[in-house]
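Read the numbers this way: they start at 1 and go in the same order the structure lists the ligands and their atoms.
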Amino acid sequence: MQTQPTASHFINGEYVEDTSGTPIDVIYPATGEKIATVYAATPAIIERALSSARAAQAAWGAMTGTQRGRILRRAADIMRERNHDLSVLETYDTGKPYQETSVADATSGADALEYFGGIAASLTGEHIQLGEDWVYTRREPLGVCVGIGAWNYPTQIACWKGAPALACGNSIVFKPSETTPLCALKVAEILFEAGLPAGLYNVVQGMGEVGAALVTDPRVDKVSLTGSVPTGRKVYAAAAEGIKHVTMELGGKSPMIVFEDADIENAVSGAILGNFYSSGQVCSNGTRVFVHTDIKEAFLSRLAERLGTAVIGDPMDPATSFGPMVSKRQLDIALGYIEKGKAEGARLVYGGNAIDGDGFYMQPTVFADVTDDMSIAREEIFGPVMSVLDFTDEDDVMARANDTEFGLAAGVFTRDLARAHRVAAKFQAGTCYINTYNDAPVEAPFGGMKNSGVGRENSKAAINHYSQLKSVYVRMCDLEAPF
Ligand code: NAD
């Protein structure tokens, strides 16, 4: 497959290059080989993207929702038709196994385009009767949106931000993570091919400085970031200067509670999905697994047996179920936490090592006897390192589960229905799971509480974050004034 894109940026309906920007090498995580080079956006490229987005937005916002939705749904169809090629590219960009990318990336992006394409025609204001007078509200676009992505789900993030923005009549400039710059260009190409007018979905490459230049530009009305909490703080503060709308999808250190009456096989499946999918590089992962002491040893031994069946290897092989980390840097971060876990007294029960070779591979890793104060239980690792903590009492474990700055997700495994809902109600987290983990359907709101974020992506809730209401008061009789 050709991994070098036609050019680095996609602006105003075409590929655009400017090799005077800083070169960014794209590395295939499975081999460490360079597979493409793109160039960071220069001020001239940023200017071109923002002025195209600004110029194209008014006519798009004035179209009917049905017209806008038709284009998004067509893009969803094209995306599904090209799922194989898009999945291979996603695997090159991120190193995630094709077994995952073929069912979780372009497919999830297409779901977002289809869902928001379908909803576009039903976006309305309301009529509010006030005696003889009345008010009507108009749901209007925000204007120019900026999307900034993380590297773990480059196609999905480009669509989760683009689809609702476009459905509501906005234009968007999207900056992918510098680690995974390839996939968003394909999203732009497909939208354009589906009939999206030029200038409405632009992609510019670059590091944090490019993101910062976009966020502070006065022509930008809304910023949606997927990234870490420290970046979120900076971007939120910069957006506040211009009183811009924001959505912040940030990090997590989510709890998963496995009660003594849980189906152990399902709980182990949840722990695997919530710790080792995408080699653990998922924001909502349930990395603090609280297991009731009565079933702890049974849980740990079944987990180890099942981890032993993971197929670690070439991510392009459909049999491979566990791929490399996205980068050497991310690999080193995860390995560093393994050393901290050992030094702080946790018991290593599975994995713990890098895997020799040119790629950025490590073993899925499990620590038991983890305590709440250890670094591996408090800090987001963003790698395949699971911490198992003991508990016996429900009230005690709830307090411990919520004792974190984060609030992205949380899960509970139990056969007791009343307990499951009681626990879900008490979790301080934006997405909670009962007897499952890490599902993220487009129909459901997704986002964080506490430091994990602001606003929600997906579902009808996202509409409120990509549009604004105007109230129009209509007087039906003569107007009295004091003088
Ligand atoms: P990161 O915070 O390092 O970078 C995210 C993006 O922000 C990148 O595109 C980067 O170039 C850009 N950026 C950096 N500094 C900036 C600045 N000052 N102004 C504007 N843009 C700037 O995160 P990452 O390492 O790419 O991704 C991993 C993090 O993302 C983890 O914390 C993970 O939990 C989080 N994440 C959250 C979600 C979610 O939906 N909540 C999803 C995926 C990842």
Filtering G227, G447, A409 for the heavy atom nearest atom 35 (C) of ligand 1 leaves G227
Can you tell which of K175, E380, R233, Q281 gets a heavy atom nearest to atom 34 (O) of ligand 1?
E380
Is the distance from the ring center of H9 to that of Y39 below 6.0 Å?
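Not under 6.0 Å, so no.
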Pair F382 + W151: ring centers closer than 6.0 Å:
yes
Less than 4.5 Å apart, side chain to side chain, heavy atoms only: is that true for Q57 and P141?
yes
For [atom], what is the nearest protein heavy atom, given as residue, atom name and distance?
{"atom": "atom 12 (C) of ligand 1", "value": "I148 CG2, 3.6 Å"}
{"atom": "atom 18 (N) of ligand 1", "value": "K234 CD, 4.0 Å"}
{"atom": "atom 28 (C) of ligand 1", "value": "F382 CE2, 3.7 Å"}
{"atom": "atom 26 (O) of ligand 1", "value": "W151 CD1, 3.0 Å"}
{"atom": "atom 38 (C) of ligand 1", "value": "C283 SG, 3.0 Å"}

Do any heavy atoms of [X] fall under 4.0 Å from ligand 1?
{"X": "Y153", "answer": "no"}
{"X": "G448", "answer": "no"}
{"X": "L214", "answer": "no"}

Output the list of atoms in ligand 1 that are nearer than 4.0 Å to some heavy atom of [X], sorted by atom number.
{"X": "S228", "answer": "1 (P), 2 (O), 23 (O), 29 (C), 30 (O), 32 (O)"}
{"X": "G208", "answer": "11 (O), 13 (N), 14 (C), 15 (N), 16 (C), 17 (C), 19 (N), 20 (C), 21 (N), 22 (C)"}
{"X": "G149", "answer": "5 (C), 6 (C), 8 (C), 9 (O)"}
{"X": "G251", "answer": "32 (O), 34 (O)"}
{"X": "F446", "answer": "40 (O)"}
{"X": "A150", "answer": "26 (O), 27 (O), 30 (O), 44 (C)"}
{"X": "T231", "answer": "1 (P), 2 (O), 3 (O), 7 (O), 13 (N), 14 (C), 15 (N), 16 (C), 22 (C)"}
{"X": "E178", "answer": "8 (C), 9 (O), 10 (C), 11 (O)"}

Quick one: is the NZ or CZ of K222 closer than 6.0 Å to the six-membered ring centre of Y466, and within 45° of its axis?
yes
Does the ring of Y153 carry K96 above it, NZ/CZ under 6.0 angstrom from centre and within 45° of its axis?
yes
Short N or O distance, L250 and ligand 1, threshold 3.5 Å exclusive
yes
Is it the case that [X] and [Y] place a side-chain donor and acceptor less than 3.5 Å from each other?
{"X": "T94", "Y": "T180", "result": "no"}
{"X": "Q205", "Y": "S8", "result": "no"}
{"X": "S108", "Y": "Q156", "result": "yes"}
{"X": "N83", "Y": "S87", "result": "yes"}

Does R54 use its side chain to pair, donor to acceptor, with the backbone of R219 at less than 3.5 Å?
yes
Polar side-chain atom of R378 near backbone of D372 as donor-acceptor pair, under 3.5 Å
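Yes, R378 side chain to D372 backbone: donor-acceptor pair under 3.5 Å.
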Within reach of ligand 1, part of [X] (heavy-atom separation under 4.0 Å):
{"X": "V235", "value": "side chain"}
{"X": "T179", "value": "neither"}
{"X": "V210", "value": "neither"}

Using the six-membered ring wherever Trp is involved, compare the ring planes of F391 and F290 and label them parallel, tilted or perpendicular (cut-offs 30° and 60°).
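The arrangement is perpendicular - the two ring planes meet at more than 60°.
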Output, in order, the C-alpha distance, side-chain angles, deciding distance and verdict of side-chain hydrogen bond (donor to acceptor under 3.5 Å, both in side chains) for D105 and T155.
CA-CA 6 Å; D105 292 284; T155 305; 5.7 Å; no
